[in-house]
Protein chains: 2
Amino acid sequence: MQVSARGEYAVRIAVTLATGHPRTISASALAAAQALPRKFAEVILGDLRRAHLVDSVRGVEGGYRLARDPGDVSVGEVLRAVDGPLSEVRGRRPEETSYEGAAVNLPRLWVAARAAVRSVFDEVSLAQAATGDFPVRIAELTAADDAWMPR
Amino acid sequence: MQVSARGEYAVRIAVTLATGHPRTISASALAAAQALPRKFAEVILGDLRRAHLVDSVRGVEGGYRLARDPGDVSVGEVLRAVDGPLSEVRGRRPEETSYEGAAVNLPRLWVAARAAVRSVFDEVSLAQAATGDFPVRIAELTAADDAWMPR
DNA sequence: AGCATATCCTATCGATCAAGTAGGATTCAA
DNA sequence: TTGAATCCTACTTGATCGATAGGATATGCT
């Protein structure tokens, strides 16, 4: 589960938009609020706009706002908009893999891993990510303190 | 959750070793069994050896075998041996992230996502991956047929 | 009209990494 | 001694990531 810089930035921008919702916020204000390169933030906001996750307003007093309610947009949608699919195995979707011999059962494993990732990113909204008010299932995942240990 | 070619190859090699355990199998036999480039397979087997997951025997009749019982080695260990950590956010471990403003709660989200990934890859052994006899929790993740749909 | 402030578009860049290849040195059993 | 295997170093090739540059276009205010 590698989240790229683009992905991380996109989520940070999105939760910032969520807390300001429904006001529009300019790219430079967003970049300043999260200490990101402004130009790069613009590129990312372009991706989010093309995915119809944000609306943009041009001109003075312009900026960006979430296209839908913050409680209605999942973190997974944001990540998919800027990086591709949440889960890939050697560049393919998990269900597209296929093997011979001892490896025949691996597609089920890849699909299970994807389902696990989805069960986090697709079940947390921007509103929840902003407030820290995560669903119980998610909160439980972070409760065990070995969840916070590198491995 | 991106699994690289190295990662995929490593798991395929590992389950092949698991089914043949405890016989030693040569790199070319492994490469042939899974239709991988032989030289690349050698590189990967070198990684697995340095991680002490496989032992190697040189010379004629040499080859590779699992260093531990197939029921005792997890898929996660294999993946970590060839790619790095299972989960990273912008090149950092989830627990090392830290944000200001609206993004303050994101580290918990990253940690939850990592826990979800671990709950699959660290809970499935090579023996289980080879036989397809997954733990109930994992099997449940693949039961819903929308787990098999792209999103 | 003119100006300031935005978004938006195209292009480029350097560094890094992924995937795979090449060639040969070394080890070991028969 | 020979053949088959691991092991080591180096290299290549292409793609991708994380930006940056420069300006065209839209909008509101005075």
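Keep in mind that what you see is a predicted model, and the values were worked out from it rather than measured. Each chain gets a letter, A, B and so on, in the order its sequence line appears, and its residues count up from 1. Just the heavy atoms: all of them, side chains too, but no hydrogens, waters or symmetry mates, feed the values below.
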Which nucleotide wins on minimum distance to the side chain of Tyr64(B), given the candidates dT20(D), dG20(C), dC7(D)? dC7(D)
Distance test, side-chain N/O of [X] to OP1/OP2 of [N], below 4.0 Å:
X        : N       : value
Tyr9(A)  : dG18(D) : no
Arg49(B) : dC7(D)  : yes
Ser28(B) : dA4(D)  : no
Ser56(B) : dC7(D)  : yes

Can you name the closest pair of heavy atoms from Leu106(A) and Tyr99(A) and give their distance? CB-CE1, 3.6 Å
Closest-nucleotide ordering on DNA chain D, the 5'-leading residue of Glu42(A) and Val57(A): Glu42(A)
In whole Å, I'd like the distance from the [atom1] atom of [X] to the [atom2] atom of [N].
X        : N       : atom1 : atom2 : answer
Leu48(B) : dT6(D)  : CG    : C1'   : 14 Å
Ile44(B) : dC7(D)  : CD1   : C1'   : 15 Å
Leu45(A) : dC8(C)  : CG    : P     : 9 Å
Gln2(B)  : dC17(C) : CD    : P     : 17 Å
Arg65(B) : dA5(D)  : CZ    : P     : 15 Å
Arg38(A) : dG23(D) : CZ    : P     : 14 Å
Asp55(A) : dC8(C)  : CG    : C1'   : 15 Å
Phe40(A) : dC13(C) : CZ    : P     : 18 Å

So does Glu96(B) have more than 12 non-hydrogen atoms from other groups sitting under 6.0 Å from CD? yes
Taking atom CG of Asp145(A) as the centre, does the number of heavy atoms from other residues, nucleotides or ligands within less than 6.0 Å exceed 12? no
Base of dT26(C), side chain of Arg58(B) - is there a donor-acceptor contact under 3.5 Å? yes
Measure distances between side-chain N and O atoms of Lys39(A) and base N and O atoms of dG22(D), and say whether any donor-acceptor pair falls under 3.5 Å. yes
Residue whose closest nucleotide on DNA chain C lies nearer the 5' end, Val43(A) versus Glu61(A): Glu61(A)
Heavy-atom nearest nucleotide on DNA chain C for Asp83(B) versus Val60(B): which residue maps closer to 5'? Asp83(B)
Quick one, Tyr9(B) and Arg90(A) - any side-chain contact, counting heavy atoms below 4.5 Å? yes
Rounded to the nearest 0.5 Å, what separation is found between the OG1 atom of Thr19(B) and the CD1 atom of Ile25(B)? 6.0 Å
